[in-house]
Protein chains: 4
Amino acid sequence: MRSENEPEGQKARSFIEEARRAQIVASAIEVIAEAGFAHASLARIAQHAAISKGVISYHFAGKEELMEEVVNRTYGAIAEHVVAKMEGLTTATGLLRTHILAVAEHMRGHRTQLRALGEIFYNLRTADGQPRYGINANEDLYRAQEEIYRLGQRNGEFRDFDTRVMAITHSSAVDNMFAYWVANPDHDLDAHARELADLFERACRA
Amino acid sequence: MRSENEPEGQKARSFIEEARRAQIVASAIEVIAEAGFAHASLARIAQHAAISKGVISYHFAGKEELMEEVVNRTYGAIAEHVVAKMEGLTTATGLLRTHILAVAEHMRGHRTQLRALGEIFYNLRTADGQPRYGINANEDLYRAQEEIYRLGQRNGEFRDFDTRVMAITHSSAVDNMFAYWVANPDHDLDAHARELADLFERACRA
Amino acid sequence: MRSENEPEGQKARSFIEEARRAQIVASAIEVIAEAGFAHASLARIAQHAAISKGVISYHFAGKEELMEEVVNRTYGAIAEHVVAKMEGLTTATGLLRTHILAVAEHMRGHRTQLRALGEIFYNLRTADGQPRYGINANEDLYRAQEEIYRLGQRNGEFRDFDTRVMAITHSSAVDNMFAYWVANPDHDLDAHARELADLFERACRA
Amino acid sequence: MRSENEPEGQKARSFIEEARRAQIVASAIEVIAEAGFAHASLARIAQHAAISKGVISYHFAGKEELMEEVVNRTYGAIAEHVVAKMEGLTTATGLLRTHILAVAEHMRGHRTQLRALGEIFYNLRTADGQPRYGINANEDLYRAQEEIYRLGQRNGEFRDFDTRVMAITHSSAVDNMFAYWVANPDHDLDAHARELADLFERACRA
DNA sequence: TATGAATGAGCTTTCATTCAT
DNA sequence: CATGAATGAAAGCTCATTCAT
């Protein structure tokens, strides 16, 4: 019956509630990663978690809220790790390189999360049929990356290029690195990340 | 990429049959592009084509075959155009550049096909739940692109880099260029393609 | 998949479709009359008609359309009979008396329809929770009856009274006559109707 | 009409318990009046009362008992008021008139109770699907009213008529007066009641 | 060839009720 | 006394597929 995401002044969720939500979110991630968004029914998620179907309805207002929770938790964990790694860096080249390597590093241990995130981004739609997270859900990400490029352009590290195109390309390169790795578990993720860092360094530098 | 829909020894399709299949495929593309894979039911595709639902079942063994036909036809058209443009080129740099620009050029007039293609690639699964076109559906594409990179590396145009990583990055950059353009119709596709060509030229060159 | 109520210019429903709709409506009436609106699920209605649940969804856009169809058909049949009986009458007293007796006469053979009609009127709500047929659904009926009273008042048959109050009272008296009869099948409906005609004649006359 | 909720030999309810029951009943009345019987879930009633869902289950054996309590309390309050007003009257005409006016007077301030009462009467069913309060729930009421008519017939105030028909008609007229008023809050309830008193006086008098 | 009709499985959601704490 | 948590049945609805005509 709970539906809001921690509005101010509302009772914090109990420990048990929090644990259940986490459990359900984890189960959802696994089922989505395994079977794909379209086949990730509440029934299947519940079965995978060995709980009753109704439990999910009890803890989440609906399927949409559950999916958004998956996104928020997963996305938050990634951002937290990457931001920590980038802290203190001052050169655009260093930031760019670290960004790529840090994301790869974090994701190495979170393959299923990544897969689920992609599925939801691509497939989740609001009740009126519009994509819940379109490509434009990346807008914030693009903006953040453009900051780095502009820094590099200002201080002479980088040549002049279209920062939006670079941000889109950078994002997609990282996303697909993971996608390839998810599909080919033997693929050397860290080596791929280093290659990518080289690639963008060369593509950007003055 | 082209799966055989006309196995040897089978009767060729009649003219009417061919026309119907083409009509249904066209309708499917439009519905998928508009409503997304999950909402592209046979009923909706039939309604959009102003035909009976049964017609689809009559002409296609099932939904899966229809979706595959959409992929084959669309993919085939792209390949045809791009290959024609690349014919006669000899330098890796020229091939790389032309590949990017030619794909963009062709897609500019086929936005819905592109959208539908992405939806199907991402979502279609076989009866046993496995992705029908995973990232590995790109294997042929990657191989073809790797040929170009190796050519460049052999003749000294390109530096030494991991060709598989470059192929993945290249593919994803092009895919997402289109995705961004689909989501932002005012985006300048050709300018984006030129930026991308520059980007990969710099990333590859010796 | 059909949803509209005979919009102009649309293909008329096929004979088979019409028969199915009629069958489903009949089943719905029986189930509602027996089990009440709240327990008249589509599953139960289908089971009662010995058809698959999906058939109802196929022929009706949703439960609401089915319920409205029940109302329209039942209400239409009543109106047809009563109007025929009242045709040609000129005195208000005669119209009043005939109205009561004709409704009773028709309803004697349509007890379940009557029960179902009442249930739907009382219970059906639109998606936003508002009553679909409130007491105000009787507005047309009230207006029609007020015409009769005013005629009587103009030509001196009836005394001066509030026509709206009389219409409400008249309607409710007839409705409850049926309700009582439905609950007590041995009750003499025609005698009740005659008593009622006397009652309102005395209540109205100058 | 008052069913026994305090059978002999059972512990009387504590003060707190009584208060809780009253609070829950009040909440139930408001929710039913607002949303209708079908949408008056225990969850909603609990939420409206700002208590836990479990509290209701704790204080009432089930939903049915809660609903019956709503009926008993509301009905009891009406009867108390009306009986007080009728005390001491001796003529049938006076009793008839007073009955109508007193009920209207009391109800003017208890609109939601009235609405809820109607919803429950119409919709509540026992576990086996039979109406809990059918039209026959009015049997006691009919008997009481028939006493008045027979008194009038014995002492010459009233003509000879079927007392049961008159009781049904009288009850339904009063019920629908309220229903109309609930649906049309601007309707003049007292004027309606006076019209009704006139109407029945004329319908009954010798 | 083409169609409308029908099916049944599966979907999300709501709900009264039970129970441990 | 009160609560939050959990259950499982039942609801309305969508859909791919089958089939007689």
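Each chain gets a letter, A, B and so on, in the order the sequences are listed, and its residues count up from 1.
Each of B/Lys63 and D/Val55 lies near DNA chain F, and the nucleotide nearest D/Val55 is the one positioned closer to the 5' end. Ranked by how close their nearest DNA chain E nucleotide is to the 5' end, B/Ile51 and A/Ala40 are led by B/Ile51. When the nearest nucleotides of DNA chain F are assigned to A/Arg20 and B/Gly54 by heavy-atom distance, the more 5′-ward of the two goes with A/Arg20. Of the residues near DNA chain E, D/Gly62 and C/Ala50, the one whose nearest nucleotide (by heavy atom distance) lies more toward the 5' end is C/Ala50.
Two residues are said to be in side-chain contact when any heavy atoms from C-beta on lie closer than 4.5 Å; D/Ile32 and D/Met67 meet this criterion. Contact check for D/Ser52 versus D/Val55: side-chain heavy atoms found under the 4.5 Å cut-off. Side-chain contact between A/Tyr122 and B/Phe37: absent, with no pair of heavy atoms (C-beta onward) separated by less than 4.5 Å. Looking at C/Val25 and C/Thr74, their side chains never come closer than 4.5 Å, going by heavy atoms from C-beta outward.
Salt-bridge check for C/Arg20 with C/Glu69: failed, with every basic side-chain N at 4.0 Å or more from each acidic carboxylate O.
Taking atom CD1 of B/Ile45 as the reference point, atom P of F/dT14 lies 17 Å away to the nearest angstrom. The nearest whole Å value for the distance from the CD atom in D/Gln23 to the P atom in F/dC1 is 14 Å. Taking atom CD of residue A/Glu65 and atom P of nucleotide E/dT14, one finds them 12 Å apart after rounding to whole Å. Atom CE of D/Met67 and atom C1' of E/dA16 are 11 Å apart (whole Å). Nucleotide F/dC1 holds its P atom 17 Å from the CD1 atom of D/Ile56, rounded to whole Å. Following rounding to the nearest Å, C/Leu42 (CG) and F/dT14 (P) show an atom-to-atom distance of 11 Å. Atom CD in D/Gln47 sits roughly 12 Å away from atom P in E/dT14 (whole-Å rounding). When the C1' atom of F/dC1 is taken as reference, atom CD1 of D/Ile24 falls 12 Å away, rounded to whole Å.
For the OP1/OP2 pair of E/dA2 and a distance below 4.0 Å, the side-chain nitrogens and oxygens of B/His59 include at least one atom meeting the criterion. The phosphate of E/dT1 has neither OP1 nor OP2 within less than 4.0 Å of any side-chain N or O from B/Tyr58. Contact between the side-chain N/O atoms of D/Ser52 and the OP1/OP2 oxygens of F/dG4 is found at a separation under 4.0 Å. Contact annotation: C/Ser41 side-chain N/O to F/dA11 OP1/OP2 distance is under 4.0 Å.
Taking a pair to require two hydrogen-bonding distances under 3.5 Å in either a Watson-Crick or a G-U wobble arrangement, F/dA11 pairs with E/dT12. Pairing partner, F/dA2: E/dT21, with both Watson-Crick or wobble hydrogen-bond distances short of 3.5 Å.
Contact of C/Lys53 with E/dT7 (side chain to base): no donor-acceptor pair of N or O atoms is detected under 3.5 Å.
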